Colleague: 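One structure follows; several queries about it will come next.
Computed from heavy atoms alone, side chains included, the values below leave out hydrogens, waters and symmetry copies. Here the structure is a predicted model, which is why all the values come from computation and not from measurement.
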Amino acid sequence: MSVTLTITILGMIVIAAVGLLGRRRPALDLAEWSVAGRSFGSVTMWFLQAGEVFTTFTFLGMAGLAFSGGAAASYSLPYIPLACVIWYFVGPRVWNLGRQHGYLTQADYYEERYGSRALGVVIAVCAVVFMLPYLQLQITGLGLIIKLVTHDSTSSTWGEIIGTVLTAAFVLWAGIRGTAATSYLKDALMLLAVAIVVVAVPIHFTGGIGHAFHTIQQVHPSMLTVHSGPNDKVWWTTSMLASMLGAGFFTFPHTWPAVLSAGSARGLRRNWVMLPLYQVTLLFPIIVGFIGIVALPKKTSANGVLLTLTNGALPSWVVGLIAVGGAAAAMVPAAVMVLGMSTMVARNVVRSSVPRVQFYTNHGVVLVILGLALVLDLTRPNALANLLLLTYSGLVQFVPGFIAGLRDRPLVGRNAVLWGIVAGEAFVIWVTFWKIGLANVNAGIVALGVNLVVMALVEAVLRLRNRAETQSPSERAGEPSVV
């Protein structure tokens with residue numbers, strides 16, 4: 001076993017051990033396991049929420065997108081700061097509703113706001129289906145990291161299996177408290193890793209960042225602009241918009257436990273003021289991707305650019321440390337995701353009035369979801385950026401229902417929300433799997449338009465029908481009523 005692989009595996013075990021040690025006491029019910037008694041302070045909330053910025057997509061996908069699409073990778077920079085503005089004003093309302101009505105999941109919000117169990121089931125099922133690609137992305141990235149540092153596909157497969165098992169272990173044992181504990185370690189490792197890479201790689205390959213960009217300006221000037229092609233200005237704008245709407249309006253199921261576990265709305269708002277500064281660190285993997293344009297042949301796999309450059313610039317033990325940071329960026333977000341997904345299935349789909357049955361059902365679902373994501377990764381791997389955008393396209397369909405439900409009395413009825421979501425999701429699935437071209441427009445944005453039209457039509461028809469049913473026969477015939 002190589003030094004790099006040894007360090008990587010040991011690092012993964014340390015990450016899991018930190019998660020296991022995060023449990024203070026046995027969780028007796030789903031509420032303690034998933035939202036920690038709603039008691040997290042500002043520091044813990046910071047690492048839980050800031051940690052979502054750094055995932056496998058950030059570590060590998062952003063460098064790959066910069067390598068293949070140049071400035072198009074910048075679409076990822078503005079959407080979190082814009083989402084933070086929405087969170088600042090909307091988040092406290094979500095937190096207060098969660099306290100008042102005992103929310104544990106994203107689907108609880110829709111179910112309680114619209115008084116519809118059926119809507120809660122639809123939200124839960126759609127959230128799990130469209131989150132699976134994002135969860136798969138983390139496992140794919142973990143395997144890719146190990147493959148690139150060991151040059152061995154067999155090690156990659158075993159690394160994915162080991163990482164998935166370790167993640168399942170600390171999630172089942174410690175719930176959100178274990179995930180919070182690993183978030184501290186993960187952010188420290190990731191920041192250290194990208195800082196080393198963004199300094200060492202440019203110096204080794206191009207003599208510095210400035211020299212690299214000067215070379216790109218001379219040889220590949222189009223890469224410094226959002227140019228025509230699959231990642232053109234239309235793609236950039238609609239992808240950024242879909243990502244901002246998806247993040248800002250809490251469409252991701254794994255963002256809900258983090259918000260609902262907060263001890264105060266004030267602490268959440270304080271984090272959302274500071275969080276945009278953290279987004280600046282996304283520039284680091286993008287810069288490394290640009291270095292790859294100068295230093296690597298065009299046929300290089302885009303998703304492997306960062307670690308390919310790292311292998312060439314640093315000694316093996318340092319590469320191992322970088323790989324551990326990448327592994328943390330896969331395992332910790334995967335833990336948060338599966339926690340949010342499994343809680344919804346146990347609480348809003350399977351349902352049980354017995355707390356212990358609900359609790360153990362949730363644990364079984366954790367294993368099923370992680371196992372399914374692993375199997376999908378081993379049998380149907382895909383490009384990292386495309387997997388993430390598929391997730392956003394599907395989940396952004398929850399936005400109209402979320403916004404309409406923020407008022408004390410929702411703006412529209414449950415049937416309008418339900419059929420709007422069904423129409424939007426059906427459009428996303430049709431466009432994605434039947435390869436329908438939309439001139440580089442993000443499928444989620446077009447589907448959102450379909451969603452809104454269907455929602456408006458259903459609401460209008462139901463209101464007209466209700467109005468007709470409340471009128472007397474003489475009023476329906478156009479005659480004046482007799483009092």
Colleague: For the residue pair Trp235 and Ala72, what are the closest heavy atoms and their distance?
Modeller: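 Smallest interatomic distance, heavy atoms only, reads CZ3-O, 3.7 Å.
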Colleague: Can you give me the closest heavy-atom contact between Gly246 and Thr251, atom names plus distance?
Modeller: O-OG1, 2.6 Å
Colleague: Is it true that a side-chain atom of Trp95 and a backbone atom of Ala262 form a donor plus acceptor pair closer than 3.5 Å?
Modeller: yes
Colleague: So, His227 side chain and Thr225 main chain: donor-acceptor pair closer than 3.5 Å or not?
Modeller: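 Yes, because the side chain of His227 sits within donor-acceptor range (under 3.5 Å) of the backbone of Thr225.
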Colleague: Keeping the roles fixed (side chain from Asn451, backbone from Gln397), state whether a donor-acceptor pair exists under 3.5 Å.
Modeller: yes
Colleague: On the 0 to 90° scale, with breaks at 30° and 60°, tag the Trp33-Phe359 ring pair as parallel, tilted or perpendicular.
Modeller: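 Perpendicular: the ring planes of Trp33 and Phe359 meet at over 60°.
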Colleague: Under the 3.5 angstrom rule, does the side chain of Thr238 hit a backbone N or O of Asn442 as a donor-acceptor pair?
Modeller: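 Yes, the answer is positive, given that a donor and an acceptor are paired below the 3.5 Å cut-off.
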Colleague: Tell me whether Ser34 contacts the main-chain N or O of Leu30 through its side chain, where contact means a donor paired with an acceptor under 3.5 Å.
Modeller: yes
Colleague: Pro400 versus Leu448: any side-chain heavy-atom pair under 4.5 Å?
Modeller: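 Yes, close enough: below the 4.5 Å cut-off.
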Colleague: Between atom CG of Leu260 and atom CD1 of Ile176, what is the distance when rounded to the nearest 0.5 Å?
Modeller: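 One finds 8.5 Å between CG of Leu260 and CD1 of Ile176.
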Colleague: Rounded to the nearest 0.5 Å, what's the gap from SG on Cys126 to CG on Leu395? Could you check?
Modeller: 9.0 Å
Colleague: Which pair of non-hydrogen atoms, one from Asn362 and one from Thr343, has the smallest distance, and what is that distance?
Modeller: OD1-N, 3.2 Å
Colleague: Assess the residue pair Tyr109 and Ile123 against the criterion (side chain to side chain contact (heavy atoms under 4.5 Å, CB included)); give the C-alpha distance rounded to whole Å, side-chain angles, the decisive distance to 0.1 Å, and a yes or no.
Modeller: CA-CA 10 Å; Tyr109 169 86; Ile123 291 292; over 6 Å; no
Colleague: Between Val94 and Phe402, is a side chain to side chain contact (heavy atoms under 4.5 Å, CB included) present by the stated rule, with each step listed?
Modeller: CA-CA 10 Å; Val94 172; Phe402 175 84; 3.6 Å; yes
Colleague: Got Phe170 and Arg23 here, is their nearest side-chain heavy-atom distance under 4.5 Å?
Modeller: no
Colleague: Find out whether Val35 and Tyr103 are in side-chain contact, i.e. whether some heavy atom of one side chain is under 4.5 Å from a heavy atom of the other.
Modeller: no
Colleague: Any sub-3.5 Å donor-acceptor pair from Thr8's side-chain atoms to Ala323's backbone N or O?
Modeller: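 No; zero donor-acceptor contacts below 3.5 Å.
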Colleague: Can you tell me how far apart OG1 (Thr44) and CZ (Arg177) are? Round to the nearest 0.5 Å.
Modeller: 9.0 Å
Colleague: If you look at every heavy atom in Ala373 and Gln136, which pair is closest and at what distance?
Modeller: O-CG, 4.0 Å
Colleague: If you take all heavy atoms of Ala335 and Val171, which pair is closest and at what distance?
Modeller: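 It is CB-CG2, 3.4 Å.
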Colleague: Do any N or O atoms from the side chain of Gln279 and from the backbone of Leu275 form a donor-acceptor pair under 3.5 angstrom?
Modeller: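 Pair absent, no side-chain N/O of Gln279 close to backbone of Leu275.
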Colleague: Using the side chain to side chain contact (heavy atoms under 4.5 Å, CB included) rule, pick out the option among Leu370, Leu20, Leu367 that qualifies with Leu172.
Modeller: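 Among Leu370, Leu20, Leu367, the one meeting side chain to side chain contact (heavy atoms under 4.5 Å, CB included) with Leu172 is Leu367.
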Colleague: Apply ring pair (Phe, Tyr, Trp, His ring centres under 6.0 Å) to Phe427 and Trp430, showing your working.
Modeller: CA-CA 5 Å; Phe427 186 88; Trp430 175 59; 5.7 Å; yes
Colleague: I need the Gln106 CD to Phe250 CZ distance, nearest 0.5 Å.
Modeller: 10.5 Å
Colleague: Shortest non-hydrogen contact from Leu438 to Ala443?
Modeller: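 Closest heavy-atom pair between Leu438 and Ala443: CD1-CA, 3.8 Å.
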Colleague: Measure the shortest side-chain to side-chain distance between Leu296 and Leu309 over non-hydrogen atoms and say whether it is less than 4.5 angstrom.
Modeller: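 Answer yes - side chains close enough.
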Colleague: Can you tell if the side chain of Met62 reaches within under 4.5 Å of the side chain of Ser76, non-hydrogen atoms only?
Modeller: yes
Colleague: Short question: side chain of Thr105, backbone of Met344 - any donor-acceptor pair under 3.5 Å?
Modeller: no
Colleague: Got more than 12 heavy atoms from elsewhere within 6.0 Å of CH2, Trp173?
Modeller: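 Counting neighbours around CH2 of Trp173, 12 or fewer heavy atoms of other residues, nucleotides or ligands fall under 6.0 Å, so no.
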Colleague: I need the Met240 CE to Leu245 CG distance, nearest 0.5 Å.
Modeller: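 Separation between the atoms: 9.0 Å.
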Colleague: Given Leu268 and Met45, is the side chain to side chain contact (heavy atoms under 4.5 Å, CB included) satisfied, shown in steps?
Modeller: CA-CA 7 Å; Leu268 286 170; Met45 291 307 305; 3.7 Å; yes
Colleague: If I take atom NE2 from residue His254 and atom CG from residue Leu339, how far apart are they, to the nearest 0.5 angstrom?
Modeller: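 CG of Leu339 is found 11.0 Å from NE2 of His254.
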Colleague: Is any side-chain heavy atom of Val259 closer than 4.5 Å to one of Trp87?
Modeller: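 Not touching, per the 4.5 Å side-chain cut-off.
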Colleague: Set out, in order, the CA-CA distance, both residues' side-chain angles and the distance that settles ring pair (Phe, Tyr, Trp, His ring centres under 6.0 Å) for Phe252 and Tyr392, then state yes or no.
Modeller: CA-CA 8 Å; Phe252 284 78; Tyr392 274 99; 4.7 Å; yes
Colleague: May I ask you to check whether Tyr278 and Asp187 show a side-chain donor-acceptor distance below 3.5 Å?
Modeller: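 Indeed, the side chains of Tyr278 and Asp187 share at least one donor-acceptor pair under 3.5 Å.
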Colleague: Report yes or no: does Thr432 contribute a side-chain atom to a donor-acceptor pair with the main-chain N or O of Ile429 at less than 3.5 Å?
Modeller: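 No.
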Colleague: side-chain hydrogen bond (donor to acceptor under 3.5 Å, both in side chains) between Trp236 and Ser74: does it pass, once the steps are laid out?
Modeller: CA-CA 8 Å; Trp236 190 99; Ser74 64; 3.0 Å; yes
Colleague: Decide yes or no on ring pair (Phe, Tyr, Trp, His ring centres under 6.0 Å) for Phe398 and Phe249, but give the supporting numbers first.
Modeller: CA-CA 8 Å; Phe398 298 164; Phe249 291 105; over 10 Å; no
Colleague: Are the side chains of Val121 and Asn348 in contact, using a 4.5 Å heavy-atom criterion?
Modeller: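 No. Closest side-chain heavy atoms not under 4.5 Å.
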Colleague: For a side chain to side chain contact (heavy atoms under 4.5 Å, CB included) check, start with the C-alpha distance between Gln138 and Met331, then their side-chain angles and the critical distance, and finish with the verdict.
Modeller: CA-CA 7 Å; Gln138 310 311 318; Met331 293 171 64; over 6 Å; no
Colleague: Could you pull out all residues at least two apart from Glu111 that satisfy salt bridge (Lys or Arg N to Asp or Glu O under 4.0 Å)?
Modeller: Arg351
Colleague: Side chains of Thr58 and Leu282: closer than 4.5 Å at any heavy-atom pair?
Modeller: yes
Colleague: Is the side chain of Thr4 donor-acceptor paired with the backbone N or O of Ser316 at a distance under 3.5 Å, no angle test?
Modeller: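 Such a contact is found between Thr4 side chain and Ser316 backbone.
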